[in-house]
Amino acid sequence: MRRLVALGAGAALIGYMVAGLGTAAGKPRGTHASAPTEALKAPLYRHMIESGSSAPLVASYGWNLLDVSSKSRADRLPRKTRGLVWLGDYDNSTCAWEVSATELRRDVQQMARDRKVFGYYISDEPDPNACPAAPAQHRARTRLIHALSPGKPTILVVDSNSGRATLEQIPKWAGTADYLGLDPYPCYRGKRCHFDWIGKVIKAADKARVKYWGVVQAFADSTWRWPTKGEERHMLSQWAASRQSGYMTFSWRWAGHTLTEQPGLLGVLKRFNRTAGGVRSAGRTTRLRPQRRRAASTGTATELHYAYAGPTSVTFDWTGTARSLRYGPTTRYRSVVRARHPSIEPFSSKGPFWQATITGLQAGRRYRYAVGPVKSTFSTPPVGRFRFDVEADVGASSDYGAVSATQKQIAADKPAFVILAGDLTYGNDHGQQAVDRHFKDVMPWSRRAAYMAAWGNHEWDESTDDLRNYKGRIGIPHAHPSPGAPREGCCGADWGWFDAGGVRFISYPEPYTDAAWTDWHGKAARLMAAAQRDPRIHFVVTFGHRPAYSTGHHPGEKLLASIMDALGDRYPKYVLNLNGHSHDYERFVPIHHVVHITAGGGGSSLEAWSRGPDSRTAFRALHLEHLRVDVNARRMRIEAVCGPRASDQDLDCRLGAVIDSYTLRTPRRVAARTRGG
């Protein structure tokens with residue numbers, strides 16, 4: 001493959017710099033920088049994180065180190081690649097290793113002479129402030145590994161996104177591993193990339209005289225955004241001009257996305273990798289690998305729930321001391337995923353909060369899993385018939401006695417997932433303990449059914465609570481930002497969408513400003529247009545907190561109604577909108593082909609009607625309830641289920657009885673097209 005040669009400062013940057021950007025490490029656009037005179041090329045060691053079962057494809061793009069969790073996985077890697085073996089993490093809450101020295105000794109001795117094992121990844125972002133002895137513990141672990149496996153290096157990744165704390169801790173890690181991975185991610189949602197921060201981290205590492213690998217940002221989630229091609233070239237040029245001896249890319253898979261979704265970025269990285277020479281395509285596939293086969297099964301886990309991250313991925317969240325999740329088709333599990341702290345940190349308690357995304361699963365498949373002592377099952381989004389439930393305006397059992405009973409009712413329904421249409425905890429009214437109590441209350445169903453949320457006004461419009469508590473612990477699939485989102489929690493995951501069976505579900509955001517809904521309108525229209533063309537999609541459903549139509553305590557939102565009316569007229573598959581906000585139950589006849597249902601009886605106090613029934617109101621009741629919806633290719637059967645009694649209810653019903661029902665059938669044009677192929 002072609003190598004760059006030293007042709008002077010200008011030619012050295014061909015293909016790897018953005019016109020007008022500074023070339024010295026850390027110089028952003030508009031700042032003075034002098035160009036390096038050496039040619040820029042990829043380092044000898046090029047590591048891809050989260051490569052999983054895509055190892056052959058990843059290797060074809062020029063990465064030659066892939067993360068594995070065992071000797072057997074390393075031995076099955078493609079030609080011209082080797083494994084960086086994950087040996088288990090360091091626990092910042094207990095200041096101890098997850099894998100004992102005895103276990104490590106046994107595993108490393110087996111790999112000591114294996115040519116497919118490059119070295120050992122020993123720790124991810126250990127915290128020397130929480131654990132002052134951590135550097136000494138890491139030095140001791142590296143010495144042990146060197147004694148067992150001479151010539152194979154160790155690497156640990158240092159938290160490089162914590163401002164001054166990052167710069168102050170880098171010298172503490174000198175001598176703790178053969179290489180330090182430095183992961184400053186400069187491109188935040190809604191902001192220009194802070195390239196100068198990479199420069200500061202490089203400067204601190206050079207001053208500390210440590211050997212390091214740069215970690216390049218190639219991912220997006222609720223905090224960070226995808227870099228542009230030019231921004232990716234700039235990051236690569238900064239690291240290539242530094243003293244790095246290898247580099248890592250984060251990440252092939254992350255937060256329900258894969259790097260293949262960004263062919264432009266992938267092309268930039270491939271071209272850069274080729275400057276190292278000797279890159280060839282790999283030709284054989286590998287099985288889905290566990291990130292680490294032996295994970296500690298001890299620890300605690302509560303407030304446990306998961307959400308769909310994509311058709312073949314899920315994201316778990318919990319709090320406690322358990323730092324890994326085991327999963328598989330049986331209780332032998334076989335695979336392990338290690339958890340990370342969420343990029344947005346909840347503040348309802350000290351935590352610690354953990355998040356683990358599992359990718360490479362099978363669509364419509366149920367798996368068994370264990371997190372610490374909690375054992376249950378989870379599934380990817382269903383592909384055939386399924387059931388889902390809906391509740392809104394829920395709260396915590398410590399404030400509303402009906403909450404626990406409703407969650408037990410939902411658990412008894414055994415839904416694939418539960419839609420929570422906003423006002424989840426009322427932590428702004430009842431204190432932060434209500435936030436944690438809510439996520440414990442839902443565990444009768446959240447351990448096996450996905451928690452699919454939309455935000456409500458009580459999550460953000462008062463200073464006593466904010467979206468960090470929710471964006472930091474609930475996954476939103478295909479997450480989108482909204483204009484005017486509050487600074488707390490900020491810049492992403494304001495709404496999203498997912499497909500289940502033959503239904504496309506699209507959430508809608510809170511009206512931070514009027515622009516939030518108008519922005520959503522254009523993007524939702526494109527999603528509905530795609531669903532309209534797709535013969536596998538039979539229905540489109542929207543869900544969010546505010547009602548478009550309501551005679552309850554909160555009247556309908558006129559702007560939202562006009563948007564949904566227009567979408568209903570244009571897309572025949574769009575047939576249902578689900579919301580909360582008014583603490584009651586109300587179903588309307590189809591309005592512009594869309595049935596609107598308020599299901600705001602999830603547990604908190606009822607609210608009186610603001611006026612009499614609308615002429616289009618089909619049924620309404622002042623009673624606690626939840627929805628149970630059964631779906632197949634031809635219909636959706638919706639049932640409103642009677643919940644616990646309340647003093648101000650206007651309907652008497654038996655707990656669990658169906659108080660209203662309605663069936664939506666596949667639109668005729670869609671059904672005919674489906675039958676005709």
Side-chain angles (χ1 to χ4, degrees), residues 389-397 399-407 409-410 418-426 429 438 453-459 461 508 510-511 541-558 560-561 564 576-591 594-629 638-662:
D389 282 15
V390 184
E391 64 174 334
D393 305 281
V394 183
S397 60
D399 306 302
Y400 304 105
V403 169
S404 293
T406 301
Q407 308 320 305
Q409 285 184 294
I410 291 173
V418 181
I419 287 175
L420 287 92
D423 284 4
L424 309 178
T425 73
Y426 295 94
D429 290 340
H438 166 86
W455 314 135
N457 59 292
H458 280 267
E459 274 78 77
D461 66 356
Y508 55 91
E510 276 290 276
V541 176
T542 57
F543 65 96
H545 188 58
R546 313 274 177 142
Y549 295 93
S550 171
T551 64
H553 180 75
H554 297 285
E557 301 276 354
K558 293 182 179 180
L560 186 61
M564 291 182 171
L576 178 62
N577 178 63
L578 303 166
N579 63 265
H581 203 33
S582 289
H583 298 192
D584 56 56
Y585 173 77
E586 185 169 22
R587 174 174 61 85
F588 287 83
V589 300
I591 303 174
V594 179
V595 173
H596 294 262
I597 298 179
T598 296
S604 59
S605 302
L606 296 171
E607 296 174 328
W609 304 107
S610 63
R611 58 188 176 94
D614 187 289
S615 61
R616 296 162 295 185
T617 299
F619 183 87
R620 69 177 194 170
L622 202 61
H623 203 289
L624 298 176
E625 43 61 47
H626 74 275
L627 296 188
R628 180 172 60 214
V629 186
I638 305 166
E639 297 178 333
V641 181
C642 179
R645 292 181 57 82
S647 59
D648 44 1
Q649 65 189 36
D650 65 4
L651 173 75
D652 286 323
C653 58
R654 176 177 51 82
L655 184 69
V658 175
I659 60 175
D660 181 45
S661 63
Y662 186 76

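No donor-acceptor pair closer than 3.5 Å links the side chain of Ser397 to the backbone N or O of Gly401. Under the 3.5 Å distance criterion, the side-chain polar atoms of Glu639 are left unmatched by any main-chain donor or acceptor of Val641. Put simply, the side chain of Glu459 gets close to the backbone of Asp423: a donor and an acceptor are under 3.5 Å apart. A donor-acceptor pair under 3.5 Å is absent between the side-chain atoms of Thr551 and the main chain of Pro613, judged by distance alone. Within the 3.5 Å criterion, the main-chain N or O of Gly552 finds a donor-acceptor partner in the side chain of Ser550. For His545 (side chain) and Trp455 (main-chain N/O), no donor-acceptor pair under 3.5 Å exists by modelled atom type. At distances below 3.5 Å, at least one donor-acceptor pair connects side-chain atoms of Gln409 with backbone N or O atoms of Cys642.
Side chain to side chain, Glu607 and Ser582 fail the donor-acceptor criterion of an N or O pair below 3.5 Å. No side-chain donor from either of Asp393 and Ser604 sits under 3.5 Å from a side-chain acceptor of the other.
By the 4.5 Å heavy-atom criterion applied to side chains, Glu510 and Arg546 are counted as neighbours. Taking 4.5 Å as the limit, every side-chain heavy atom of Tyr400 sits out of range of all side-chain heavy atoms of Val394.
A salt bridge is defined here as a Lys NZ or Arg NE, NH1 or NH2 lying under 4.0 Å from an Asp or Glu carboxylate O, and Asp614 with Arg620 fails to meet this definition.
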Arg587 and Asp660: salt bridge (charged side-chain N to carboxylate O under 4.0 Å, His left out), yes or no, with the steps? CA-CA 9 Å; Arg587 174 174 61 85; Asp660 181 45; 2.8 Å; yes
Determine, stepwise, if the pair His583 / Leu624 fulfils side chain to side chain contact (heavy atoms under 4.5 Å, CB included). CA-CA 8 Å; His583 298 192; Leu624 298 176; over 6 Å; no
What do the steps show when you test Glu391 against Thr406 for side-chain hydrogen bond (donor to acceptor under 3.5 Å, both in side chains), and what is the final call? CA-CA 9 Å; Glu391 64 174 334; Thr406 301; 5.7 Å; no
Could you go through the side chain to side chain contact (heavy atoms under 4.5 Å, CB included) check for Trp609 and Asp584 one step at a time? CA-CA 8 Å; Trp609 304 107; Asp584 56 56; 3.5 Å; yes
Residue pair Val541, Asn577: steps toward the side chain to side chain contact (heavy atoms under 4.5 Å, CB included) verdict: CA-CA 6 Å; Val541 176; Asn577 178 63; over 6 Å; no
Yes or no on side chain to side chain contact (heavy atoms under 4.5 Å, CB included) for Asp389 and Val629, after CA distance, side-chain angles and deciding distance? CA-CA 6 Å; Asp389 282 15; Val629 186; over 6 Å; no
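Once rounded to the nearest 0.5 Å, the distance linking CG of Leu655 with CD of Glu625 reads 12.5 Å. Atom NE2 of His438 sits about 7.0 Å away from atom CD of Gln407, to the nearest 0.5 Å. Phe619 CZ to Leu651 CG: the interatomic distance, rounded to the nearest 0.5 Å, is 5.5 Å. Separation of atoms OH (Tyr549) and OG1 (Thr617) is listed at 12.0 Å; rounding is to 0.5 Å. Rounded to the nearest 0.5 angstrom, Ile597 CD1 and Asn579 CG are separated by 9.0 Å. The structure places CG of Asp648 at 6.0 Å from CG of Leu622, a figure rounded to the nearest 0.5 Å.
Remark: aromatic rings of Phe588 and His596 are distant, center separation not under 6.0 Å.
Heavy atoms only, all atoms of each residue included: His623 and Leu606 are closest at C-CD2, 3.8 Å.
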